[in-house]
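Residue numbering restarts at 1 for every chain, and letters A, B, ... go by the order of the sequence lines.
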Amino acid sequence: MKRSILLPLTIFFVWIGVILWWTGGFRHFTSYSYAMYRAGTPPRNMPDLKMVDYDQKNIDFNRWKGKYILVDFMYLHCSSVCGILRSRLYDYQKELAPYLKKNLVMVSVSFDPQRDTTTILKETWRSLGAEPNWIFASLKGTNEEIINEMYKFGIVIIKTPEGDFNHTTMHYLINPDGKLIKVIDPSSGKDKTLHEITKWIQ
Amino acid sequence: MIKNPWVTFSLFFLLATFIPNVHKLLNSEMYLKMLVQIPAYSILSFIIGLKLRSLNNKVILQISKHGSSALIFLFGSQTFWMIPRSLDLSVYNEAFAILLPLNLIGAGFLFGIAFKSAPFVLKTAFSIYGLAMFLAMGIIYINFNSLICAVFSIEMQHLAGKYILYVFPFVFVLFLYRLFYNMSKLTEEIIIQ
């Protein structure tokens, strides 16, 4: 009797163990959630991302040390969520205007440098009001390098057969010391998102 | 054994899923992956295992005694591949794209061989749990407006949920039929004894 239940019980607990490990303790079932879990909870260091801004200048986040940086990762050819998030950021820009003059910079970073050229980035920036403290930039590197680098940061980017990208859609708040202090989910609504941002930067 | 029509049919369709264009098609839509590819691996290999049970082979005879273990292994495998992250990796990661069919075909095959020795109560319990999970998946996919699987679109997710809910009643009726059939067989055996 004992022998007949030993093997099934062992297999059962092995599977429980595998799924427990695989999902980070039954908490991270999606690729997005797991990537953020692997990257670590804030506060954490920002990766050394090399970017080019809409003026074709090489930049990185150290450029704005001493200020809070609100970062979002997107691509301009997105046929789904990026446009909605961009129009939300445009709304935030008005609400965050006092902070943008003082201690806040917004940076929208494209992970599709092949299509989001500096010209297109600049046109987009102009169409959204040409706010001097809302920077549009694109990451440097091949698609594969960018995808790997973003994954280490906790962002999932998957290229679909149609050429689009499915990707994590969060806002990232970096403090004046250059540390990532908050990951904000924009799907929680405009007011809640704004509150999450302003409670840190006041 | 290949002459058995069920084995031939199952083997044919199982191998068909590996034809590059078919494989690409099955990976391109969420509902095809969830309702055709993944069940095909388990069910077709289960049928092959079921028919191979009758072979007079030492290894098969040994496996056939471990019904509970084979059932739990199959259930664990199915649960693992239902996790959205696992599903994503099976589409865009080459190693996982190989692991998925290996695991599910292996698990289905082993369970097919050992099916008769799995206790009725265990089979019923896992079936009920599996049905509940299947229904829950359909409801979640159709109602969630956030992307659960990163490799598919939100429209595909909603469509997969819709089709799961269409298929569920048939699977449920099939389960009920098998349940009452097996219960009546058990009752007959008890009466005869």
To the nearest 0.5 Å, what is the distance between CG (B:L87) and CZ (A:F29)? 14.0 Å
Verdict with supporting geometry, B:I83 and A:T23, side-chain contact (heavy atoms from CB on, under 4.5 Å): CA-CA 9 Å; B:I83 295 169; A:T23 58; 3.9 Å; yes
For the pair B:T79 and A:W15, evaluate side-chain contact (heavy atoms from CB on, under 4.5 Å) and give the outcome as yes or no after the intermediate values. CA-CA 9 Å; B:T79 305; A:W15 267 122; over 6 Å; no
Measuring from A:D185:CG to B:S146:OG, what's the distance to the nearest 0.5 Å? 7.0 Å
Count the heavy atoms of every other residue, nucleotide or ligand shown that sit under 6.0 Å from CZ of A:F26, and state whether that count exceeds 12. yes
How about CG on A:N62, more than 12 heavy atoms from neighbouring residues, nucleotides or ligands closer than 6.0 Å, or not? yes
Spacing of A:F13 atom CZ and B:I72 atom CD1 [to the nearest 0.5 Å]: 9.5 Å
When rounded to the nearest 0.5 angstrom, what is the spacing between NZ in B:K65 and CG in A:L7? 13.0 Å
Check A:I158 against B:A150 and note the closest heavy-atom contact, atom names and distance. CD1-CB, 3.4 Å
Contacting region of B:Y92 [heavy-atom separation from chain A under 4.5 Å]: side chain
Tightest non-hydrogen contact, residues A:N166 and B:S153, listed as ND2-N, 4.3 Å
Non-hydrogen atoms of chain A under 4.5 Å away: do they reach the side chain of B:S28, the backbone, both or neither? neither
Report which part of B:L122 has an atom under 4.5 Å of a heavy atom belonging to chain A: side chain, backbone, both, or neither. neither
Just how far is it from atom OG of A:S187 to atom CG of B:N145, taken to the nearest 0.5 Å? 10.0 Å
Side chain / backbone / both / neither for B:F152 at chain A, heavy atoms under 4.5 Å: backbone
Between B:D88 and A:T30 (side chain of the first, backbone of the second, donor and acceptor by atom type, cut-off under 3.5 Å), is there such a pair? no
What one should report as the nearest heavy-atom pair of A:Y32 and B:L147 is OH-CD2, 3.4 Å
Need one label for A:V18: side chain, backbone, both or neither, based on atoms under 4.5 Å from any heavy atom in chain B. side chain
For B:S77, is it the side chain, the backbone, both or neither that has a heavy atom under 4.5 Å from a heavy atom of chain A? both
N/O donor-acceptor pair under 3.5 Å between B:R85 side chain and A:W22 backbone: yes
